[in-house]
Amino acid sequence: MSSPWRKWLDIQPEEIGLFLWTAALFFLMRSSDLIFDNFVETVFLKRFGVKYLPMVYMANSVVTFFSMGALMGLLMRLPSGRLLRNMLVCFGLLLASLRIVVGLEINFVYPVLFLLRSQVEALNNLVFWNMANDLFNTRQSKRLFPLISAGGVLGAILASFSTPPLAQAITLDNFRLLYAVLCFM
């Protein structure tokens, strides 16, 4: 990173590698989350419509309560970096395997995907920021977390704009596979 950029962004030379790695990871996580969100919302609303959304949101609240509790137990036992890596791999494999189940035209899969979408995003973000908190001290966090968040916002924006061309190129059903690839990256 050139000196004017480093000075303008207030990034110290010893922080550049860790900052770029963390920002790129958050960029990929937000991109994959948004691509998965677009897929799930589209297929759920096509199959069920908006009348089932209140029930799914209520179920999501209950599932989130218990999944956050379970995640806190895991965070106390495992380092957050390793936990995040394992979660991304597991979620990527799970969603890639659901590609087969969705092809069987089983209707209950779509509400499950809708619940899973919220859980994956919330749990991954929680573990990511916990890991970032371990990697950076308080002074660095105050300077760098807004920039890392900007990387996530950029990933979400690019994923939003790329969704229509991607849907035409690889079809909407293959978005889960794209999510898995982004998680493995």
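Quick note: numbers below take in every heavy atom, side chains included, and nothing from hydrogens, waters or symmetry partners.
- Each of F184 and L98 belongs to its own hydrophobic cluster when Ile, Leu, Val, Met, Phe, Trp and Tyr are linked at side-chain heavy-atom distances under 4.5 angstrom.
- With rounding to the nearest 0.5 Å, the separation of CG in L113 from CZ in F108 is 10.0 Å.
- Between atom CG of residue L71 and atom CG of residue N124 there is a gap of 9.0 Å, rounded to the nearest 0.5 Å.
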**OP:** Report the C-alpha separation of L95 and L116 in whole Å, then their side-chain angles, then the decisive distance to 0.1 Å, and conclude whether the side chain to side chain contact (heavy atoms under 4.5 Å, CB included) test is met.
**Re:** CA-CA 9 Å; L95 294 174; L116 191 61; 3.4 Å; yes

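- You'll find the side chain of R117 reaches within 4.5 Å of the side chain of E41, heavy atoms only.
- Exactly one of V43, D37, T42 qualifies for a side chain to side chain contact (heavy atoms under 4.5 Å, CB included) with F39. That residue is V43.
- Separating the OG atom in S149 from the CH2 atom in W129 is a distance of 3.5 Å, to the nearest 0.5 Å.
- In terms of hydrophobic clustering, with Ile, Leu, Val, Met, Phe, Trp and Tyr side chains grouped at heavy-atom distances under 4.5 Å, L34 and V181 are assigned to different clusters.
- Under the ring-ring contact (aromatic ring centres under 6.0 Å, His included) criterion, F44 pairs with F48, F114, sequence neighbours left out.
- Linking Ile, Leu, Val, Met, Phe, Trp and Tyr residues whenever their side-chain heavy atoms come within less than 4.5 Å places Y110 and V50 in a single cluster.
- Listed here is the closest heavy atom pair of S31 and L182: C-CD1, 4.4 Å.
- Evaluation of the salt bridge (charged side-chain N to carboxylate O under 4.0 Å, His left out) rule for R47 yields E105 as partners, not counting sequence neighbours.
- Following chains of ILVMFWY side-chain contacts shorter than 4.5 Å, one cannot reach L93 starting from F36, and the two form parts of different hydrophobic clusters.
- A donor-acceptor pair under 3.5 Å links the side-chain atoms of N125 to the main chain of E121, judged by distance alone.
- Minimum heavy-atom separation, S67 to Q119: OG-OE1, 2.6 Å.
- Residues D33 and V120 approach most closely at OD1-CG1, 4.3 Å, considering heavy atoms.
- Within the model, atoms CG of L94 and OH of Y179 stand 9.0 Å from one another, a figure rounded to the nearest 0.5 Å.
- V63 and L53 fall into different hydrophobic clusters, where Ile, Leu, Val, Met, Phe, Trp and Tyr residues are linked whenever their side-chain heavy atoms come under 4.5 Å apart, directly or through other members.
- To the nearest 0.5 Å, atoms CE (M131) and CG (L75) are separated by 11.5 Å.
- Distance check: L135 CG to F19 CZ gives 13.0 Å after rounding to the nearest 0.5 Å.
- Contact between E15 and L144 at its shortest, heavy atoms only, is OE1-CD1, 4.0 Å.
- Ring-plane geometry between F145 and F136 is classed as perpendicular, the angle between the planes exceeding 60 degrees on a 0 to 90 degree scale with a lower cut at 30.
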Distance-only donor-acceptor hits, side chain of residues 80-92, under 3.5 Å, sequence neighbours excluded:
{"unit_1": "S80", "atom_1": "OG", "unit_2": "D134", "atom_2": "OD2", "d": "3.0"}
{"unit_1": "N86", "atom_1": "ND2", "unit_2": "R82", "atom_2": "O", "d": "3.3"}

